[in-house]
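Encoded as structure tokens, the structure appears first; notes follow it.
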Amino acid sequence: MGWEAYYRVVRRIPRGRVATYGQVALVAGKPRAARQVGYALSALRGTSHRIPWQRVLGSRNRASAAISILDPMGSAVQRALLEDEGVEVDERGCVSLARFGWRPRR
DNA sequence: GACATGACGTAAT
DNA sequence: TATTACGCCATGT
């Protein structure tokens, strides 16, 4: 149930912007619950939802490697969706947070 | 309540 | 830069 807070934060991420698990956790009020964010998002796989999970990246500016492990096409889909929103993603799945990082608070 | 699990994060090696 | 180790916290058994 507590995941609703995380989902709410992820839904706030606007198009063309990305956030990290840690940031989502922080905004949700759980500074050290990055794992729970990932765990919560994992529950979204294969379900009907409106959560832009592709805008949530892993450490600092990298896409989660686990995505490609659990869902081989996931990383490709994520990159395609992000680029469609105007976010530049390189071959390694790295994104410049300085340019596309989500800045909440306003 | 103890124990195991997990789309993570940071520091140490 | 890549690997390993450990910490954190919500869930489920």
Closest nucleotide among [options] to the [X] side chain:
{"X": "A:W3", "options": "B:dA7, C:dG7, C:dT11", "result": "C:dT11"}
{"X": "A:L41", "options": "B:dA7, C:dA10, C:dC9", "result": "B:dA7"}
{"X": "A:K30", "options": "B:dA7, C:dA10, C:dG7", "result": "C:dA10"}
{"X": "A:W53", "options": "C:dC9, C:dG7, B:dA7", "result": "B:dA7"}

Lys/Arg N to Asp/Glu carboxylate O, A:E88 vs A:R99, below 4.0 Å: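 Salt bridge: yes.
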For the pair made of [atom1] in [X] and [atom2] in [N], what is the distance, rounded to whole Å?
{"X": "A:L57", "N": "B:dC8", "atom1": "CG", "atom2": "P", "value": "12 Å"}
{"X": "A:R35", "N": "C:dC8", "atom1": "CZ", "atom2": "C1'", "value": "8 Å"}
{"X": "A:Y21", "N": "C:dA10", "atom1": "OH", "atom2": "P", "value": "18 Å"}
{"X": "A:Q23", "N": "B:dC8", "atom1": "CD", "atom2": "C1'", "value": "14 Å"}
{"X": "A:R45", "N": "B:dA7", "atom1": "CZ", "atom2": "C1'", "value": "8 Å"}
{"X": "A:Y39", "N": "C:dG12", "atom1": "OH", "atom2": "P", "value": "7 Å"}
{"X": "A:L44", "N": "B:dA7", "atom1": "CG", "atom2": "P", "value": "13 Å"}
{"X": "A:L26", "N": "B:dG9", "atom1": "CG", "atom2": "C1'", "value": "13 Å"}

Side-chain-base donor-acceptor pair under 3.5 Å for A:R62 and B:dG9: no
Sugar-phosphate only, base, or nothing, as touched by A:S42 at under 4.0 Å among non-hydrogen atoms: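 The answer is base, as A:S42 lies within the cut-off (heavy atoms under 4.0 Å) of a base atom.
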Flag, side chain of A:Q78 to backbone of A:Q54, donor-acceptor distance under 3.5 Å: yes
A:V56 backbone acceptor or donor facing A:Q23 side chain under 3.5 Å: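 No, the answer is negative, given that no donor and acceptor are paired below the 3.5 Å cut-off.
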Name every donor-acceptor pair, under 3.5 Å, that has one atom in a side chain of residues 6-16 of chain A and the other anywhere in the protein, sequence neighbours excluded.
| unit_1 | atom_1 | unit_2 | atom_2 | d |
| --- | --- | --- | --- | --- |
| A:Y7 | OH | A:A40 | O | 2.9 |

Pairwise P distance, C:dC8 and B:dA12 [rounded to whole Å]: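 Going atom to atom, P in each nucleotide, I get 15 Å.
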For A:Y39, all residues meeting ring pair (Phe, Tyr, Trp, His ring centres under 6.0 Å), sequence neighbours excluded: A:W3
Comparing A:V37 and A:R60 on DNA chain B - which has the more 5′ nearest nucleotide: A:V37
